[in-house]
Trainee: 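Take a look at this one; I'll ask things after.
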Amino acid sequence: MSLKVATWNINSVRLRIDLVTKLLADEAPDVLCLQETKCPDDLFPEKALHKAGYTHIVKSGQKGYHGVAIVARVPLENASVKQFCGKQDCRHIQATAKGVEIHNFYVPAGGDEPDPVKNEKFAHKLQFLDEMATWFKRAKAKTTAKRVVVGDLNVAPLEHDVWSHKQMLKIVSHTPEEVARFEAVVAAHKWIDVPRLFTPHDEKLYSWWSYRAKDWETSNRGRRLDHIWASPALDGAATGVKTLTHARGWERPSDHAPVIADFAV
DNA sequence: ATGGCCGCCCTAGGCGGA
């Protein structure tokens with residue numbers, strides 16, 4: 001059996017519902033995990049998704065900010081959300097599809113100043129990553145379940161996950177402090193970085209390009225903020241990965257591109 | 001190196017994004 005999982009920070013699911021259904025038509029993933037839906041649950045555009053054949057939907061949204069959802073054409077079981085940092089800010093939802101526990105995350109961006117004393121948003125981001133590590137360490141001790149983590153984790157950990165390692169070292173998303181926290185989350189569950197199984201570490205790989213560039217494609221100052229991780233139980237199960245870079249060039253695009261992985265499960 | 005653009009919200013300037 002195969003499982004095709006997509007993740008996409010959509011930056012408003014209502015504004016871009018036509019792009020979502022286009023992605024579903026083009027790629028037909030079993031499961032699509034969305035972040036930054038910016039949509040209260042009762043206003044989620046379910047009708048268009050049902051029409052596209054995606055009748056299994058779980059979501060955790062609120063007005064204006066953040067928000068995550070899992071949209072699937074296969075049944076979703078045991079859906080739940082976890083709160084981090086004592087906040088109810090819609091940054092995680094999980095559900096099981098085809099026997100695989102899928103976690104969809106939207107990690108705090110962290111603001112501009114990479115100093116947790118001066119900038120409480122950065123402190124929030126570090127604490128969020130710490131809580132992820134603690135949680136996954138316990139989860140791993142309990143079971144060897146097939147698990148996948150996806151989402152906008154807002155950290156580009158590797159040198160070639162950013163356009164300029166040197167120039168990004170003091171820029172939030174690539175600072176040594178948050179990368180160390182990020183690596184601790186990975187170590188806590190021995191997560192496998194799935195896209196990097198297929199793209200060598202010395203090759204650039206991005207999933208986000210700023211809206212602010214005059215021409216995102218030409219300047220190509222990207223970052224790999226969107227991730228797909230597999231648990232050790234899925235070691236060797238990934239059969240392919242792609243980043244849909246061209247979706248960044250669609251009409252009225254999200255600033256993130258979808259990332260898609262296939263697994264034999 | 002910086003500034004550049006988006007989308008949301010008690011529809012307008014402030015916030016959050018990264």
Side-chain angles (χ1 to χ4, degrees), chain A residues 7-20 34-45 59-69 84-85 87-92 104-116 118-129 151-179 181-182 204-227 243 245 247-259:
Chain A
T7 180
W8 197 9
N9 179 320
I10 192 62
N11 187 16
S12 175
V13 69
R14 282 179 288 174
L15 189 68
R16 286 186 244 285
I17 186 60
D18 292 347
L19 301 189
V20 173
L34 295 168
Q35 304 87 36
E36 281 206 89
T37 54
K38 299 186 175 179
C39 179
D41 288 345
D42 56 339
L43 297 177
F44 199 86
K59 67 251 184 202
S60 174
Q62 62 182 354
K63 190 162 63 179
Y65 299 111
H66 321 319
V68 288
F84 290 82
C85 308
K87 296 177 192 281
Q88 298 185 29
D89 54 356
C90 307
R91 293 181 179 278
H92 167 267
N104 179 14
F105 276 93
Y106 178 50
V107 171
D112 285 326
E113 176 72 42
D115 180 341
K118 288 189 216 156
N119 173 10
E120 65 180 40
K121 288 182 195 170
F122 193 68
H124 179 210
K125 182 179 198 174
L126 297 182
Q127 189 187 338
F128 195 101
L129 292 167
D152 178 1
L153 306 185
N154 267 319
V155 179
L158 301 175
E159 180 173 344
H160 294 290
D161 290 341
V162 294
W163 65 277
S164 168
H165 172 63
K166 201 176 165 189
Q167 288 185 74
M168 290 288 298
L169 278 169
K170 290 179 178 171
I171 304 295
V172 171
S173 71
H174 194 61
T175 66
E177 194 171 10
E178 62 199 295
V179 168
R181 297 310 224 284
F182 183 94
K204 296 291 184 192
L205 188 58
Y206 310 140
S207 66
W208 174 88
W209 294 261
S210 173
Y211 282 128
R212 295 180 186 189
K214 263 185 214 144
D215 182 335
W216 69 275
E217 201 167 16
T218 302
S219 65
N220 198 24
R221 295 182 172 188
R223 305 178 199 174
R224 186 168 71 109
L225 304 177
D226 302 276
H227 294 269
T243 304
T245 307
R248 179 63 180 79
W250 285 349
E251 187 87 25
R252 283 256 258 173
S254 167
D255 45 355
H256 295 253
V259 183

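No experiment lies behind these values; they were computed from the predicted model shown. In what follows, chains carry the letters A, B, and so on, assigned in the order in which the sequence lines appear, proteins first and then strands, with residues in each chain numbered from 1.
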Trainee: Report yes or no: is there a donor-acceptor pair, N or O only, under 3.5 Å between the side chain of A:R212 and the base of B:dG17?
Mentor: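 Pair found.
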Trainee: Indicate, with a heavy-atom threshold strictly under 4.0 Å, whether A:K214 touches base, sugar-phosphate, or nothing.
Mentor: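 No contact at all - A:K214 keeps every heavy atom at 4.0 Å or more from the nucleic acid.
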Trainee: Return no unless some side-chain N or O of A:K121 is found under 4.0 Å from OP1 or OP2 of B:dG16.
Mentor: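 Yes, such a contact exists.
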Trainee: When you match A:G110 and A:Y211 each to their closest nucleotide on DNA chain B, which lands nearer the 5' end?
Mentor: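 Closer to the 5' end of DNA chain B: A:Y211.
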Trainee: Whether the side chain of A:D41 engages the backbone of A:G61 through a donor-acceptor N/O pair (distance < 3.5 Å, no angle test) should be reported.
Mentor: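 Looks like yes, one N/O pair under 3.5 Å.
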Trainee: How is A:R252 classified with respect to the nucleic acid when contacts are heavy atoms under 4.0 Å: base, sugar-phosphate, or nothing?
Mentor: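 The answer is sugar-phosphate, as A:R252 gets under 4.0 Å only of primed atoms, P, OP1 or OP2.
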Trainee: Considering every strand and a 4.0 Å limit on heavy-atom distances, what is the contact class for A:H174: base, sugar-phosphate, or nothing?
Mentor: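 Contact class for A:H174: none.
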Trainee: Is there side-chain contact between A:N154 and A:Q35, with at least one heavy-atom pair below 4.5 Å?
Mentor: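 No, too far: nothing below the 4.5 Å cut-off.
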Trainee: Walk me through it: do A:H66 and A:D89 pass the test side-chain hydrogen bond (donor to acceptor under 3.5 Å, both in side chains)?
Mentor: CA-CA 7 Å; A:H66 321 319; A:D89 54 356; 4.7 Å; no
Trainee: Students often get this wrong, so: under 4.0 angstrom with heavy atoms, is A:I171 touching a base, only sugar-phosphate, or nothing?
Mentor: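 No contact.
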Trainee: With heavy atoms under 4.0 Å as the rule, sort A:D89 into base, sugar-phosphate or nothing.
Mentor: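 Nothing, no nucleic acid heavy atom in range.
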Trainee: May I ask you to say what A:A213 touches in the nucleic acid, namely base, sugar-phosphate or nothing, with a heavy-atom cut-off under 4.0 Å?
Mentor: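 A:A213: no heavy atom of the nucleic acid under 4.0 Å.
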Trainee: Looking across every strand, which nucleic acid part, if any, lies under 4.0 Å from A:D215 by heavy atom: base, sugar-phosphate, or nothing?
Mentor: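 Here A:D215 touches no strand at all.
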Trainee: Establish, with yes or no, whether the OP1 or OP2 oxygen of B:dA18 is under 4.0 angstrom from a side-chain nitrogen or oxygen of A:Y106.
Mentor: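 Looking at the OP1 and OP2 atoms of B:dA18, one of them is under 4.0 Å from a side-chain N or O of A:Y106.
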Trainee: Check this one for me: any side-chain N or O of A:H66 less than 4.0 Å away from OP1 or OP2 of B:dC8?
Mentor: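 Answer no for this pair, as no side-chain N or O of A:H66 is under 4.0 Å from OP1 or OP2.
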